[in-house]
There are 2 protein chains.
Amino acid sequence: MSEQQRIRPGEVAVETVPAADAWLRFIGHIHTPWQRREDCPRQGNVEGPACQIEVFEPWDQALSGLQPQSTLEVLYWLDQSRRDLVLQGPKGRDQPLGTFALRSPVRPNPIGSSLVRLIGIDGRMLRVRGLDCLDGTPLLDLKPARSAFIAQHDRLSG
Amino acid sequence: MSEQQRIRPGEVAVETVPAADAWLRFIGHIHTPWQRREDCPRQGNVEGPACQIEVFEPWDQALSGLQPQSTLEVLYWLDQSRRDLVLQGPKGRDQPLGTFALRSPVRPNPIGSSLVRLIGIDGRMLRVRGLDCLDGTPLLDLKPARSAFIAQHDRLSG
């Protein structure tokens with residue numbers, strides 16, 4: 001059983017019927033330096049290594065209008081993650097916490113989100129900084145991170 | 001054909017095989033005041049109306065440890081959206097733009113993301129402000145929006 005699959009003391013898994021509510025389409029792959037979960041940084045850093053996002057045809061047509069140096073929200077599928085834990089005990093924590101109180105990759109729908117800086121576009125390959133996921137992670141979506149998104153966040157933090 | 005399904009001049013749809021790469025599980029429903037897409041605000045506002053997020057069993061167990069007044073990232077499934085447009089012409093724009101340069105609900109994987117303030121928890125019902133989606137939208141995930149998330153954003157904007 002891999003590290004991803006092991007349950008730690010205090011963690012709780014639930015029994016569920018198979019997920020069957022909607023289908024995802026993988027629209028690309030993310031290329032990063034990290035081959036194992038334990039190698040991944042705890043979170044992306046825009047001063048970290050450049051990574052590549054490869055967008056599959058025909059979705060590369062949807063890159064039109066992306067601005068270099070802009071900030072993008074990237075959604076991806078954490079395909080190595082189990083999906084049945086409701087309480088988790090991440091390393092370094094005494095007490096397990098609910099999955100929704102954590103940004104762990106283990107979730108009922110293992111969708112990861114990162115904010116990245118777009119540093120270059122070459123056809124259907126994007127160069128970005130700020131990711132923290134495994135090499136080969138399937139891509140789900142790219143959206144501009146609007147300035148309004150930041151402004152809202154500032155209000156929330158104020 | 002509904003407003004959601006109509007193609008405007010300059011928009012481009014692609015032909016694709018059905019999405020079949022991974023299954024999602026709907027883990028709740030979002031209750032908002034908005035019954036039609038044209039009623040939804042252009043984006044969520046944490047001073048807007050309170051909305052309710054209903055989390056289905058057994059996933060309510062995963063709410064343990066959520067902090068009222070904290071900021072959450074909410075992911076949801078835009079189940080009314082077409083998925084095949086690569087160029088889109090939102091109202092008020094002259095030129096169509098690529099889907100990935102827009103935060104339109106029309107996307108190859110129509111996953112919406114919002115940052116909300118958690119204003120109350122009552123069992124498996126959350127009260128939040130900051131959503132902009134239709135009433136009845138299926139819930140996919142809840143994650144804390146870490147302060148590091150803001151800090152990273154500030155770096156990106158600096």
Side-chain angles (χ1 to χ4, degrees), chain A residues 12 14 16 18-27 43-47 55 58-59 61-67 71-73 75 77 79 83 85-87 97-103 107-109 111 113 115 117 130 138 140-150 152-153 155-157, chain B residues 12 14 16 18-27 43-47 55 58-59 61-67 71-73 75 77 79 83 85-87 97-103 107-109 111 113 115 117 130 138 140-150 152-153 155-157:
Chain A
V12 173
V14 291
T16 61
D21 291 312
W23 279 111
L24 292 169
R25 180 194 301 286
F26 297 162
I27 59 167
Q43 60 180 103
N45 181 331
V46 289
E47 286 148 23
V55 177
W59 306 107
Q61 297 172 62
L63 297 169
S64 171
L66 277 190
Q67 299 293 325
T71 304
L72 296 180
E73 187 178 347
L75 300 181
W77 187 246
D79 59 346
R83 304 176 62 169
L85 293 193
V86 289
L87 291 181
L97 270 182
T99 291
F100 301 141
L102 296 165
R103 289 185 67 95
R107 334 191 55 80
N109 292 298
I111 300 168
S113 75
L115 289 176
R117 171 165 279 170
L140 297 178
D141 200 8
L142 298 166
K143 311 176 198 277
R146 292 174 307 187
S147 56
F149 194 70
I150 306 171
Q152 171 177 327
H153 220 317
R155 276 205 303 282
L156 285 164
S157 317
Chain B
V12 173
V14 290
T16 61
D21 292 313
W23 278 111
L24 291 169
R25 181 193 300 287
F26 296 162
I27 59 167
Q43 61 179 101
N45 181 332
V46 291
E47 286 147 22
V55 178
W59 305 107
Q61 297 172 63
L63 296 170
S64 170
L66 277 191
Q67 300 293 325
T71 305
L72 296 179
E73 187 179 347
L75 300 181
W77 187 246
D79 59 348
R83 304 175 63 168
L85 292 194
V86 290
L87 292 181
L97 270 183
T99 292
F100 301 142
L102 295 165
R103 290 184 67 95
R107 332 191 57 78
N109 293 296
I111 300 169
S113 76
L115 289 176
R117 171 165 278 169
L140 297 178
D141 200 10
L142 298 166
K143 313 176 197 279
R146 292 173 308 186
S147 57
F149 194 70
I150 306 170
Q152 172 178 327
H153 220 318
R155 276 204 303 283
L156 284 165
S157 317

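Note: hydrogens, waters and symmetry copies are ignored here, and every other heavy atom, side chains too, is used. In what follows, chains carry the letters A, B, and so on, assigned in the order in which the sequence lines appear, proteins first and then strands, with residues in each chain numbered from 1. Because the structure is predicted, anything quoted here is derived from the model rather than measured.
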Study note, to complete from the structure: Heaviest contributor of heavy-atom pairs below 4.5 Å to chain A, chosen from B:Ile27, B:Leu72, B:Val55, is B:Ile27
Review point. Under 4.0 Å between a Lys/Arg side-chain N and an Asp/Glu carboxylate O for A:Arg107 and B:Asp141?
Key: yes
Review point. Sequence neighbours excluded, which residues qualify as side chain to side chain contact (heavy atoms under 4.5 Å, CB included) partners of A:Leu87?
Key: A:Val12, A:Pro96, B:Ser64
Exercise for review: For B:Asn109, enumerate each residue passing the side-chain hydrogen bond (donor to acceptor under 3.5 Å, both in side chains) test, keeping only those at least two apart in sequence or located in another chain.
Suggested key: B:Arg83
Exercise for review: Please look at A:Leu140 and chain B and tell me whether the side chain, the backbone, both or neither of the residue comes under 4.5 angstrom of a heavy atom of that chain.
Suggested key: both
**Study point:** Under 4.5 Å from any heavy atom of chain A - which part of B:Leu66
**Key:** both
Practice item. Considering only heavy atoms and a distance below 4.5 Å, find which of B:Leu63, B:Val86, B:Asp21 pairs most often with chain A. Key: B:Asp21
Check your understanding: Quick one: what part of A:Trp77 sits under 4.5 Å from any heavy atom of chain B, side chain, backbone, both or neither?
Key -> side chain
Check your understanding: Okay, side chain of B:Arg103, backbone of A:Pro144: is any donor-acceptor separation there less than 3.5 Å?
Key -> yes
Practice item. Tell me, out of B:Leu102, B:Leu97, B:Leu75, who's got the most heavy-atom pairs with chain A below 4.5 Å. Key: B:Leu102
Review point. Relative to chain B, which segment of A:Pro18 carries a heavy atom at a distance below 4.5 Å: side chain, backbone, both, or neither?
Key: backbone
Study note, to complete from the structure: Of B:Ala22, B:Gly65, B:Pro138, the largest count of non-hydrogen pairs under 4.5 angstrom with chain A goes to B:Ala22
Review point. Shortest non-hydrogen contact from A:Leu85 to A:Thr99?
Key: O-OG1, 2.7 Å
Practice item. Find the one option among A:Thr16, A:Leu142, A:Val14, A:Leu24 whose heavy-atom pairs under 4.5 Å with chain B are most numerous. Key: A:Leu24
Review point. Side-chain contact, heavy-atom cut-off 4.5 Å: B:Pro108 with B:Phe100?
Key: yes
Revision key, fill the gap. Greatest number of non-hydrogen atom pairs under 4.5 angstrom with chain B, of A:Ala19, A:Ala20, A:Ala62, A:Ala101, falls to A:Ala62
Practice item. Please determine, by modelled atom types, if A:Glu73 and A:Ser113 share a side-chain donor-acceptor pair under 3.5 angstrom. Key: no
